[in-house]
Amino acid sequence: MSTVTAATASAAPVRVRIAPSPTGDPHVGTAYIGLINFLYARQRGGQFILRIEDTDRTRFVPTSEQMIFDALRWLGLTWDEGPDCGGPFGPYRQSERTEIYREHAQMLIDNGTAYRCFCTAEELEAVRKQQTAAKLPPRYPGTCRHLSAAQSAENLAAGKPFVVRMVVPAGSTTFRDELRGDITFEHSNVDDQVLLKSDGFPTYHLANVVDDHLMQITDVIRAEEWISSTPKHVLLYQSFGWQAPRFWHMPLLRNIDKSKISKRKNPVSLVYYRDSGFLPQAVINFLGLMGGGMPSPTPIEIVNGAKENEVFSLQQMIERFEVPNIRLGGPVFDLTKLRWLNSEYIRALSPEQFYAALRETVLSDRYLSQIAPLIQSRVDTLGQFGDLTSFLLRDDVMPPAEVWVPKKRTPEETLLFAAEQLAVLEATDWTLEALEPALKQLGESRAWSVKENFMLLRAILTGSTMSPPLLESMVVFGKARTLDRMRRFLETQKKLAAQNQPKK
RNA sequence: GGCGUUAUGGUGUAACUGGUUAACACGUCGCCCUCUCAAGGCGAAGAGUCCGGGUUCGAGCCCCGGUAACGCUACCA
């Protein structure tokens, strides 16, 4: 299947990268793709680069970048060049490179492979609706592609907002995916992609190609969801007159139902795994299991009783993992197996190490010192600490119905409202100042009193109607774990409801 | 709808360039150990490799045709 020799011998210098977007918590998918890139670079003595793709201003989350750094370091995936440590091809943050993209967009306009498009969002939306209604594939109609130079200049002079689109000529593009072989796309199925948005920021496609070239990336190892847009990228390399890198498309991590892994159905935040006490060795090991790539144990290893063909360190992966042997079926991210792996690593710890691990995470000074002020005025003895804070030290809690259903509400409407709380909280900054108005606004719009509103949340988070201050507790507990607890609650209640009325 | 990718027990993987009764791990169930629960030990069930054809002495591995799942189809990445 593979078209490249095994990693062991070949030492061609490679440069690879991961390019996460700071739009929220660091994602397990980022770590997965990061791991593969990391291994590939380390095995070949190449460089592993971290580039922050912060070109979407609407989804930008300021705290996200640092969390990405922390999470990758936690897992041991260290990079050679990046926004924090610099490097010869910086800056490594796309928002600091906008001038570069603008220049390159202009280059394409000048050589006729891109053009300014003055269509408004409303116009495009209308066209798209028509096309969908007529069962046609939604496609840019090409209105501005044939605009005369004079007209275009006139619009420009008039200050009309515009985007820059690439010209997709007639024909087809074939590129090689190093894991699957040649893939061909007819250009009739490739849209005139927007390269530069009207706010002056580039889209992924432009920024990615320009940066990968400028940063001398040799191998683009990314997720399978990019296969469909690879012909656009290949076309762009051609338009610039550049040589394209090699492309490797990794299978997508999946939920239990086989859909692309998502926070709705699985904890996907690396912060969640760290804060709820998964060891980084276990997480990285588990990720290495996804998609294969580790050779089966040799006969000698089997004779020696080394059944640990599934328990291996990052170092062992560098030694033995083979990227070209990746399996292409989307692996299900199975929490059960991850938990087992984690338990293996925990049991392998010395008592001292185990205690140290506790003190670094769930019993860290940092965490406990945040909890303490919440209960000081609420205890008669220090011994009550545990009584009041156990919900912050537990993996999960589950309130009984009499606790979470308000007196004047039905379980159904309560669950509905809880789901809305979850949606609101997902989009809220995790600070007291942001949480309070966001929740109150939701309550008002749904005619839920502040009391009912907060009590429901309290029940879900703490399992009880009595607790330290709610919002403060949520902040201390953290966004990733709080949201996960809410999702688990909703999931469990949904199942229970289904069980209680199965026959219709 | 269009285009693309993928397909081995419930889940993750294994099976040398096609070669004996498809292997391992997680999970499940049972037994043992045991003050409990884990861990550990022993054992069991569970796939005939998406389906249908073909090539071959022989196919999970090769060819053809289907099906299903997933992804993309944005001024998100």
Side-chain angles (χ1 to χ4, degrees), chain A residues 1 19-24 27 29-30 52-60 94 117-121 124-125 128 131-140 161-165 172 175 177 179-181 183-191 193-208 222-232 249-261 285-297 299 302 306-311 325-341 343-344 346-347:
Chain A
M1 196 76 230
S21 290
T23 55
H27 198 277
T30 302
I52 296 293
E53 307 220 330
D54 54 348
T55 57
D56 184 353
R57 304 170 322 164
T58 59
R59 293 201 305 157
F60 178 71
Q94 290 187 329
C117 168
F118 298 91
C119 297
T120 65
L124 294 175
E125 188 51 40
R128 205 169 297 140
Q131 289 169 329
T132 324
K135 300 246 183 212
L136 289 167
R139 198 89 63 206
Y140 178 65
F162 65 91
V163 301
V164 175
R165 286 179 185 274
S172 69
F175 62 91
D177 179 295
L179 294 170
R180 323 160 202 258
I183 299 176
T184 300
F185 282 83
E186 296 296 328
H187 288 180
S188 54
N189 296 314
V190 182
D191 214 356
Q193 180 66 48
V194 171
L195 300 177
L196 211 57
K197 305 178 228 178
S198 55
D199 63 4
F201 278 76
T203 58
Y204 170 89
H205 308 280
L206 207 223
N208 200 263
R222 63 196 349 174
E224 186 180 1
E225 56 190 332
W226 293 107
I227 289 179
S228 309
S229 36
T230 303
K232 294 171 184 171
H249 290 100
M250 300 292 300
L252 246 20
L253 262 24
R254 308 292 182 90
N255 299 311
I256 315 91
D257 64 3
K258 299 278 188 183
S259 56
K260 176 166 102 171
I261 195 167
N285 186 160
F286 180 65
L287 256 14
L289 247 24
M290 303 278 89
M294 274 303 260
S296 48
I302 293 172
K307 65 173 185 181
E308 293 86 14
N309 53 343
E310 292 201 308
V311 182
N325 285 358
I326 296 284
R327 296 295 140 186
L328 269 8
V332 170
F333 192 93
D334 181 5
L335 234 13
T336 307
K337 184 129 185 183
L338 172 55
R339 285 176 170 278
W340 166 76
L341 251 185
S343 73
E344 287 284 307
I346 286 178
R347 279 192 294 274

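Residue numbers start from 1 in every chain, and the chains themselves are labelled A, B, ... in the order their sequence lines are given, proteins ahead of strands.
- When rounded to the nearest whole Å, the span between CG of A:L179 and P of B:A7 equals 12 Å.
- A donor-acceptor contact under 3.5 angstrom links the side-chain atoms of A:S198 to the base of B:C75.
- Nucleotides B:G12 and B:G54, compared at atom P, are 32 Å apart to the nearest Å.
- Within 4.0 Å (heavy atoms only), A:R339 reaches no atom of the nucleic acid at all.
- With respect to the salt-bridge test (charged N to carboxylate O, under 4.0 angstrom), the residues A:D177 and A:R180 qualify.
- OP1 or OP2 of B:G10 has not a single side-chain nitrogen or oxygen of A:K258 nearer than 4.0 Å.
- A:S229 comes within contact range of no nucleotide atom at all, as no heavy-atom separation falls under 4.0 Å.
- Within the 4.0 angstrom heavy-atom criterion, only backbone atoms of the sugar-phosphate kind lie near A:V194; the bases stay farther away.
- Both A:E224 and A:R254 sit near RNA chain B, but only A:E224 has its closest nucleotide nearer the 5' end.
- Residue A:K337 places none of its side-chain N or O atoms closer than 4.0 Å to OP1 or OP2 of B:U13.
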remark   = Symbol by symbol from the 5' end, with Watson-Crick or G-U pairs under 3.5 Å, [ ] crossing and | another strand, RNA chain B is (((((((..((((.....[...)))).(((((.......))))).....(((((..]....))))))))))))....
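- Across all strands, A:I183 comes closer than 4.0 Å only to sugar-phosphate atoms, never to a base (heavy-atom distances).
- Nucleic acid contact for A:Y204: base, since at least one base atom lies under 4.0 Å from a heavy atom of the residue.
- The side chain of A:S259 places no N or O atom within less than 4.0 Å of a non-bridging phosphate oxygen (OP1 or OP2) of B:A69.
- For the C1' atom pair drawn from B:G43 and B:C62, the interatomic distance equals 40 Å after rounding to whole Å.
- Distances shown here put every side-chain N or O of A:R139 at or beyond 4.0 Å from the OP1 or OP2 atom of B:U73.
- Between B:U73 and A:R128, no contact under 4.0 Å exists linking OP1 or OP2 to a side-chain N or O.
- By the rule that a glycosidic angle within 90° of 0 means syn, B:G48 counts as syn.
- In this model, the phosphate group of B:G71 is not approached by any side-chain N or O of A:R180 to a distance below 4.0 Å at OP1 or OP2.
- Both A:P137 and A:G330 lie near RNA chain B, and the one whose nearest nucleotide falls closer to the 5' end is A:P137.
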